Number of protein chains: 2
Amino acid sequence: MFCEVFYHRLYSNSRIFVSRKNIKWLSNFSLFDKILVMEKTMLLRKNPLFSNLNDDDMISLQEICRDRDVPKGELLFSEGDLAEGFFIVASGRVKVYKLSPEGKERILHIVHPGGAFAEAAIFGDGLYPAYAEPIAASRLLFFPKKTFLDLLHTRSQMAINMIGGLSRFLRQFASQIEELTFKDVPARLAGYLLELAGDDDTVELPVSKSQLASNLGTVSETLSRTLRKLSEENCIEVSGKTIRILDPDLLADLAESYKE
Amino acid sequence: MFCEVFYHRLYSNSRIFVSRKNIKWLSNFSLFDKILVMEKTMLLRKNPLFSNLNDDDMISLQEICRDRDVPKGELLFSEGDLAEGFFIVASGRVKVYKLSPEGKERILHIVHPGGAFAEAAIFGDGLYPAYAEPIAASRLLFFPKKTFLDLLHTRSQMAINMIGGLSRFLRQFASQIEELTFKDVPARLAGYLLELAGDDDTVELPVSKSQLASNLGTVSETLSRTLRKLSEENCIEVSGKTIRILDPDLLADLAESYKE
DNA sequence: CAACGGCTTTGAGCCAAATCAAGAAACGGG
DNA sequence: CCCGTTTCTTGATTTGGCTCAAAGCCGTTG
């Protein structure tokens, strides 16, 4: 549920990129299969683990993963089980939870499509740290531990790409959070406008205002008020989706101001 | 600035772990140098990139890094420069910033001891994406790009350990944020108490209440009020640092409730 | 034991922003 | 061009939690 907010902004500008080599490989498949492979690639790229992988990596990855359709309510693994691999959710929802001594369940998180779970168990002690169970009929990609680790050992560049993807994501994520936690709505809006404007002095909003509001972590009413306030201060000029920046310096000051 | 809040909780239980092998290696050094190596290990473990590395990895890592003492204000690199390596801050503070077309600087973030910067440039296109400049006399560890990548290629297990550390950190970080963003103080407090209690029904707070307040992302006044409110609901019983849990079910409900 | 300083608790007030409710504008299809 | 629907704006109200200020509660130390 919370992923939506942040992940949306982080991933909204991800591109589909298919190299010649990939196309050649794809030609071994029927059209239908090709579409499946591309779909899977797009899905995998949604995850920070794989966001930075090139086409070759993607192909190797898809060669080792197994599809699993699971019905709602089927226990995937239990806490303490030996971890045989990890999962990516392709569709549906999976809940990951622990059980209290009295048998009450405590949900750790709900995994949405594109999300991974049990991936830490692969790198750690090798035991699943919780229970997992789909809360809707779901399609999962399963990556067997040994095969996956062998692949990483064989193709060290792929591991390096994964490190790169993770650390870049971490950086973006952290700054996203910092904005949300330490800056008020005007500051966030100002930052957004400046970034979007670049060197220009007019911006065209690429999304609806209510969508923008949600991207900025607020609601449409508040966004509307904030836009009006900035207009009244002769800082910007709003007409529909077109915004003209009248006072970039003031805007920049605003964008850097922390609430305290 | 914001790191303090989250990082504190994430790292507060990191341990120092020295294997026999490490000690043997260490015996090649004078006592003074040994202390330096251990200090550096502790520093590096603070960073998610290296948090999961074993002693061997740490040794290799420290063999390839160079110490650099830099005075306040010295430009470390500029946007667009070819990235020759990345940095870890050992002491001091470094600001990373961009320049707007009009020459106004826009600070992206301030890096504190334990933090890395320019690490993404190593894995990406190879150009520094911003400017970096110490805002206080600082000690930095510099990891040359080529040497570092070669090391990762040679020792694929080390790369895998890094992936593990990063993804574990990401997981913790995300759930931390989720708590902070989507749960109110009572829910966060309830979650904290339950986790601390385990199977027991009394908890002994390991830190002062004001410290706890800051760990939960609030202030002592609010924590105090929240504790009283929960007491009045006969959910817990507070006396000094000892808290007895009267109604674990209610507490669990509270901990899982999202604000909406 | 009295004075001091560090925590903790209480109360009062304030503020940003969410929510609720209701118009106004824009849009799109027939 | 009109009418229904969505999107946007505006106002009123509510709220969680922070700040400020003052007082209570210790343990310490001279």
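Proteins come first, then strands; the chains are lettered A, B, ... in the order of their sequence lines, and each starts at number 1. Computed from a predicted model, the values in this text were never measured in an experiment. FYI, side chains are in, hydrogens and waters are out, and symmetry mates aren't considered; it's all heavy atoms of this structure.
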From the options [options], select the nucleotide whose nearest atom is closest to the side chain of [X].
X	options	answer
Val219(A)	dA18(C), dG16(D), dA21(C)	dA18(C)
Ser224(A)	dT10(D), dG17(D), dT9(C)	dT10(D)
Ser220(B)	dT9(C), dG17(D), dA17(C)	dT9(C)

Does [Y] offer a backbone N or O that forms a donor-acceptor pair with the side chain of [X] under 3.5 Å?
X	Y	result
Thr181(A)	Ile177(A)	yes
Lys183(B)	Gly191(B)	no
Thr222(A)	Thr218(A)	no
Lys98(A)	Pro129(A)	yes

Side-chain N or O of [X] closer than 4.0 Å to phosphate OP1/OP2 of [N]:
X	N	answer
Ser210(B)	dT8(C)	yes
Lys209(B)	dT9(C)	yes
Thr222(A)	dA16(C)	no

Legend entry - Electrostatic pair Glu221(B):Arg225(B) at N-O distance under 4.0 angstrom: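 Between Arg225(B) and Glu221(B) there is no salt bridge, as every charged N stays at least 4.0 Å from the carboxylate O atoms.
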
Legend entry - Residues in contact with DNA chain D, drawn from residues 225-236 of chain B - heavy-atom cutoff 4.0 Å: Arg225(B)

Distance, rounded to the nearest Å, where [X] contributes [atom1] and [N] contributes [atom2]:
X	N	atom1	atom2	value
Leu205(A)	dA26(C)	CG	P	15 Å
Leu223(A)	dT9(D)	CG	P	8 Å
Leu212(B)	dC7(C)	CG	C1'	14 Å
Arg188(A)	dA16(C)	CZ	P	13 Å

Legend entry - NZ (Lys241(B)) with more than 12 external heavy atoms under 6.0 Å: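 Counting other residues, nucleotides and ligands, NZ of Lys241(B) exceeds 12 neighbours.
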
Legend entry - Position toward the 5' end of DNA chain C (nearest nucleotide), Lys183(A) or Ser208(B):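 Upstream on the strand: Ser208(B).
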
Inset, instruction - Ignoring hydrogens and angles, state whether a donor on the side chain of Glu119(B) or Ser167(A) is under 3.5 Å from an acceptor on the partner side chain. - result: no

Inset, instruction - Ignoring hydrogens and angles, answer whether the base of dC20(C) and the side-chain atoms of Glu221(A) contain a donor-acceptor pair closer than 3.5 Å. - result: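 Checked by distance alone, the answer is yes.
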
